[in-house]
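Structure, as C-alpha cells:
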Amino acid sequence: MRRKTGNLLEREGTKTVAASLISILIGLVVGSILIIVVGLISPNLGSASIGEGIRLVFFGIVSTGRNAAGTLTWGFNPQNIGNMLFRATPLILTGLSVAVAFKTGLFNIGAPGQYLMGTMATLAIALGIPADAMPKPLLWLLAFLGGILAGALWGCIPGMVKALLNINEVLACIMTNWIAANVVTWFFDATKVFQNTVENTKTSYIYKTTYGKTLVDGVWTYVDGNGVSTAKLGLDKLFPGSQVNAGFLIAILFAIGVYILMTKTTLGYQLKACGANRHSARYAGINDKRNIVLSMAIAGALSGAGAALYWLAGNTEFFWSTYQSLPAIGFNGIPVALLASNNPIAVIFTGIFMSMLNIVGLQLTKLTAYNEYITDVIISVIVYLSAFSLVIRMLFTRRRKGKKEAAVPASATQLAEAAVGAAETLPTAETPPDTAVDADSGKGGDEV
C-alpha cells in the first residue's frame, strides 16, 4: 500500500494537481488577509463583517442572501450556480485557445482580438440576416460558425508571421489585438444599423440577438423576440433565474474534442512535435510552417467560438466602443490554461473556478460593504502562482528525492555489514589446502 501511495505521489499529474490546488489555496488566503486588513482599518467595518467576508470568499457560491434578521443564509443557490456555468463558457473556450497554442510551443496572447472578431462576425450574421429568411436554428448555426471562422482567420495572422518571418507571436498578437479592437469599433460605429435604437438608454450598445430583423409596414425593423438564441435544453429549469444555456455543454464538447485531437490523433502529435522542437520536426518530415499556422488558427477558432456562444445567449449586450480596452475574457483564458497546466479536460474545471470567483465578487459587493475587486486580487495572486506552478512541482520532486537520499545511508550500512560478513567467510592461512581458492587460477585447491 505504501509503495502504491508513493508511486501516486511521484506521478506528474499528481504534482500538477497539487501545484494548482496550492496556488488556489494561497490566493484565497491572501484574499482573506486583505479582507482582514480592510476590515481593521475601515471604521465602517468590524469583526462581524470580516468573518462574513472571509466566509463569502470561500463559500460565496452557496450563499442565498440574508434573512430578516440580517444574518447570512446558506444553501443551494440555483441562480448563482447557473450564472457561474454561463460565465464559465467563454472562459473554457479562451482557456482552450491558450492551451492549444501552449501545447505547440506558442503563446497565444491574441485571444482578446480573436474574441472580438468572433463577436463582430456573430452579431453581424445574427442581426443582419432577416429572422424570417430561414429557420432560426439554421441562422443560429450560421452565426456560430461565422464567429468560429472569424476567430480562426484572425488567429492565422500571428501564426503566418511566426511561420514565415520568424517574428515572435507575442508581438504579432499584441498588434492584432488592438487592430481588432479598432476594426470592431469602426464596423459598428460606421454601420449604425446594429446599434440599439429601440431602448433609448442603450444607444451605445448593439442589439441582443433576440432582436430579429423583420419587415414592418415595408420597413426593416428590429423586433424583440424575433431573433435567435442558444437553446436552454432544460438547464433553465435546473437553474431558474440564471442565464445558463446549452452553450456550457457545447464548451465541454469542445474541450473533449481538443483533448482527443491533441492526444489521440496524428495531427495532434505533429502539433506537439513542432512545439517541442520545430527544427527536429522538420527533419522528421513534418511541415512545421503549416502546423504553426494551423495551431494558431485552431486557437483563434476556439476564442471565436467562446465569443459566439456568449453573445448568442440572447440575454447579453455588446458595448460597441471597444477601443478603450480589450475584453478581459480573452486575457483570463491565460490563467485558466496555466492553472490547468494546458490540459483540455482540466480547463473545464479551472474555467468554472475562475467564473465562481467572479460570482463571489458580486456576492461580496451585494451582501457586504466590501468591494468585488478583492476577488480580482485573488485571481491575480492565483495567476502569478500558476505561472510558477513548475517551481512548485520541482519542490515536490526535490522533496521526494530528499526522502530517497535520506534512506541511502541505512542501505549503505546494510551493505557494509554484509561485506564484513562475507569477508569473515573468506579462506585464511589456516584454511586447509583442499578448500582454499588459488588466487591465480580462481579454481579450487584440489585442482592445482
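Contact between Asn80 and Gly60 at its shortest, heavy atoms only, is ND2-O, 4.0 Å. Of all non-hydrogen atoms in Gln363 and Ser63, the two that sit nearest each other are NE2-O, 3.3 Å. Of all the heavy atoms in Thr265 and Gly268, the pair that sits closest is OG1-N, 3.1 Å. Taking all atoms of both residues into account, the shortest heavy-atom contact from Lys103 to Asn342 is CE-O, 3.1 Å. Across Leu326 and Pro112, no two heavy atoms sit closer than the pair CB-CB, 4.1 Å. Heavy-atom minimum distance, Ala305 versus Phe144: O-CE1, 4.0 Å.
Judged by distance alone, the side chain of Thr71 and the main-chain N or O of Asn67 form no donor-acceptor pair under 3.5 Å. No side-chain donor-acceptor contact under 3.5 Å links Lys213 to the backbone of Thr221. With hydrogens and angles disregarded, a donor-acceptor distance shorter than 3.5 Å links the side chain of Thr104 to the backbone of Ala101. In this structure a side-chain-to-backbone donor-acceptor pair under 3.5 Å is missing from Ser97 to Leu93. Without hydrogens or angle criteria, Arg278 side chain to Ile292 main chain gives no donor-acceptor distance under 3.5 Å. Here the side chain of Thr316 pairs a donor or acceptor atom with the backbone of Tyr310 at under 3.5 angstrom. Between the side chain of Thr230 and the main chain of Leu312, a donor-acceptor pair closer than 3.5 Å is present. Not a single donor-acceptor pair under 3.5 Å links the side chain of Asp224 to the backbone N or O of Tyr211. The closest donor-acceptor contact from the side chain of Asn83 to the backbone of Gly241 lies at 3.5 Å or more, if one exists at all. The backbone N or O of Met354 sits nowhere less than 3.5 Å from a side-chain atom of Asn358 that would complete a donor-acceptor pair.
Rounded to the nearest 0.5 Å, atoms OG (Ser242) and CZ (Arg87) are 11.0 Å apart. Rounding to the nearest 0.5 Å places CG of Leu362 at 12.0 Å from CG of Leu56. A distance of 8.0 Å separates NZ of Lys136 from OG of Ser229, quoted to the nearest 0.5 Å. From Met134, atom CE reaches atom CG of Leu141 across 10.0 Å, with rounding to the nearest 0.5 Å. The line from CD1 of Ile179 to CH2 of Trp154 is 5.5 Å long, rounded to the nearest 0.5 Å. Note that the CD1 atom of Ile22 and the CG atom of Leu25 stand 8.0 Å from one another [nearest 0.5 Å].
Surrounding CZ of Phe349 are at most 12 heavy atoms belonging to other residues, nucleotides or ligands under 6.0 Å away. Other residues, nucleotides and ligands contribute over 12 non-hydrogen atoms within 6.0 Å of the CZ atom of Phe58. The 12-atom threshold is not exceeded at CZ of Phe59, counting heavy atoms of other residues, nucleotides or ligands nearer than 6.0 Å. At most 12 heavy atoms of other shown residues, nucleotides or ligands fall within 6.0 angstrom of atom OH in Tyr259. For Trp186, the CH2 atom counts as loosely surrounded, since its 6.0 Å shell holds 12 or fewer non-hydrogen atoms of other residues, nucleotides or ligands.
Using a 4.5 Å heavy-atom cutoff, the side chains of Glu317 and Ile206 are not in contact. Side-chain contact check for Met296 versus Cys173: some heavy-atom pair is nearer than 4.5 Å. Residues Met84 and Val244 have side chains not in contact (no heavy-atom distance under 4.5 Å, counting atoms from C-beta outward). Using a 4.5 Å heavy-atom cutoff, the side chains of Tyr115 and Pro90 are in contact. For the pair Phe188/Leu123, a side-chain contact is recorded, criterion being any heavy-atom separation below 4.5 Å from C-beta on. The shortest distance between side-chain heavy atoms of Leu339 and Ile24 falls below 4.5 Å. You'll find the side chain of Phe319 reaches within 4.5 Å of the side chain of Ser204, heavy atoms only. For the pair Pro327/Leu116, a side-chain contact is recorded, criterion being any heavy-atom separation below 4.5 Å from C-beta on.
A side-chain contact (heavy atoms from CB on, under 4.5 Å) with Gln270 is found for one member of Asn291, Leu294, Asp288 and no other, namely Asn291.
Among residue pairs with one or both ends in residues 152-164, those qualifying as salt bridge (charged side-chain N to carboxylate O under 4.0 Å, His left out) are Lys162-Glu169; sequence neighbours excluded.
For the residue pair Trp311/Thr122, the side-chain donor-acceptor check at 3.5 Å is not satisfied. Under the 3.5 Å distance criterion, with hydrogens and angles disregarded, a donor-acceptor pair is assigned to the side chains of Thr64 and Thr73.
When ring centroids are compared, Tyr205 and Phe318 stay outside the 6.0 Å threshold.
Classified by interplanar angle (parallel below 30°, tilted 30° to 60°, perpendicular above 60°), the ring pair Tyr207/Tyr222 is parallel.
Not a single side chain to side chain donor-acceptor pair (under 3.5 Å) links Thr350 to another residue, sequence neighbours left out.
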